[in-house]
There are 2 protein chains.
Amino acid sequence: MAQKNRLQYIVLGLLNIESRTGYDLTKAFDSDIGEFWSANHSQIYPLLKKMEQENLISHHEVQVGTKLVKKSYDIMSDGKKIFNDWLEEPSEIDSSHDEFILKLYFIDDKKPELLEKMVAEQLSARSDKLEHLNQQMRDKFPDQDKRQTQYGHYCVLKHAISRETDYIEWLKTI
Amino acid sequence: MAQKNRLQYIVLGLLNIESRTGYDLTKAFDSDIGEFWSANHSQIYPLLKKMEQENLISHHEVQVGTKLVKKSYDIMSDGKKIFNDWLEEPSEIDSSHDEFILKLYFIDDKKPELLEKMVAEQLSARSDKLEHLNQQMRDKFPDQDKRQTQYGHYCVLKHAISRETDYIEWLKTI
DNA sequence: AGTCTCATGTAACCGGTTACATGATTCA
DNA sequence: TGAATCATGTAACCGGTTACATGAGACT
């Protein structure tokens, strides 16, 4: 089976806001999107080519100065469809990149019922994970002794619990 | 330039605790280490082979039952050296995996002065990042208006700030 | 006897990073 | 005119995922 290709959804999400060039898209990863995803132009340009072949996006040319012609990409109906389908899908929780955050970035005030569903799903999944982490803590560090001899491991677990707790608190504010 | 190959350091860190088979190492990523890193056996076995060729580790054979022979890997002096050198290096902050967490896991109570240095470094870097995020918030969402029309983006940024704040608080407890 | 876990490997593929390469536009 | 930025592409490589493949040991 193929891998996720989440970068494609980010590109679609950005083009869904407005038409952009490959350069514009690359820039977006240096600022906003850069907080939670990164991509280089060497990955963007071939991807745009592939997505255009698949009819998810198209491009129109924009004359700049006397010689330079920019390619500005636009999302097409097929692209909009797979982007919206992706938004509706459940988000994977245990991946190295947070898929929920990714989707949340593209949610605007037009979809309150979807947002509510997504947040409820995340709350449930994150609460389960927190419970699992708390169980790990009880199993592995029941007393002060182990906390000293495996101090690093103890700290890492404490951090995971703290992070998850913070995540849940944040979810509740959405 | 080559990429980081942090998996190699995890393998060295685990073998530095005790001799293990490829299977044991793989299992470690399903439990403990799994909280912050993942690896499949298809990645472990070729890596062990490569690391043995580079004289970082060696293996001895262990007879199990009548036919099965396990390969149990041991860290060698070259391996210990590059592992300890890595622990001393500054940790990259803006990577998709948290390198500081990785190192912390392997720190035991024998290196208090190194731990102190690492924590101070992280505190400084994380504080800078938090300040940057706060600046972003001031720039992009100065008033209620933008927070509504780009609600998802606002939430993501709020989360980044919350996460960073929590991280700093946790660092202070180490 | 059959199923689950232990145990070790390879191959194909994908996503991402680094480096190579070129040229136009803008602004000081 | 020279430097910084805009703009677009390709190639080599690496790390990680999925799938293919095989067999032994433990336990019911």
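Each chain gets a letter, A, B and so on, in the order the sequences are listed, and its residues count up from 1.
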Applying ring pair (Phe, Tyr, Trp, His ring centres under 6.0 Å), name anything that partners B:W37, two or more places apart in sequence or on another chain. B:H97
Tell me whether the side-chain N/O atoms of B:Q43 come closer than 4.0 Å to OP1 or OP2 in D:dG15. no
Base, sugar-phosphate, or nothing: which does A:T21 touch, judged by heavy atoms less than 4.0 Å apart? sugar-phosphate
With the side chain defined as heavy atoms from C-beta on, B:Y45 is closest, among D:dG9, D:dT10, C:dA7, to C:dA7
Assign each of A:P46 and A:K70 to its nearest nucleotide of DNA chain D by heavy atoms, then name whichever residue's nucleotide is nearer the 5' end. A:K70
Where the side chain of A:K67 is defined as all heavy atoms beyond and including C-beta, which of D:dA11, C:dG9, C:dA24 is the nearest nucleotide? C:dA24
side-chain N/O A:N40 vs C:dT17 OP1/OP2, d < 4.0 Å: yes
For A:V64, answer base if it contacts any base atom (sugar-phosphate contacts may also be present), sugar-phosphate if it contacts only those atoms, and nothing otherwise; contact means non-hydrogen atoms under 4.0 Å. sugar-phosphate
Closest of D:dG25, D:dA19, C:dA24 to the B:L68 side chain is D:dG25
Starting at the 5' end of DNA chain C and moving along, which residue's nearest nucleotide shows up first, A:T66 or A:R6? A:R6
Apply side-chain hydrogen bond (donor to acceptor under 3.5 Å, both in side chains) to residues B:S19 and B:S72 and explain how you reach the verdict. CA-CA 6 Å; B:S19 180; B:S72 196; 2.7 Å; yes
Within this structure, what is the NE2-to-P distance between A:H41 and C:dG16, rounded to whole angstrom? 16 Å
Check whether the ring centres of A:Y9 and A:F106 lie less than 6.0 Å apart, and answer yes or no. no
N/O donor-acceptor pair under 3.5 Å between A:E52 side chain and A:N55 backbone: no
With the side chain defined as heavy atoms from C-beta on, A:Y23 is closest, among D:dA11, D:dT17, D:dT5, to D:dT5
Can you tell me the distance, in whole Å, between the NZ atom of A:K49 and the P atom of D:dG9? 7 Å
Counting side-chain heavy atoms from CB outward, which of D:dT18, C:dA19, D:dC6 is closest to A:K27? D:dC6
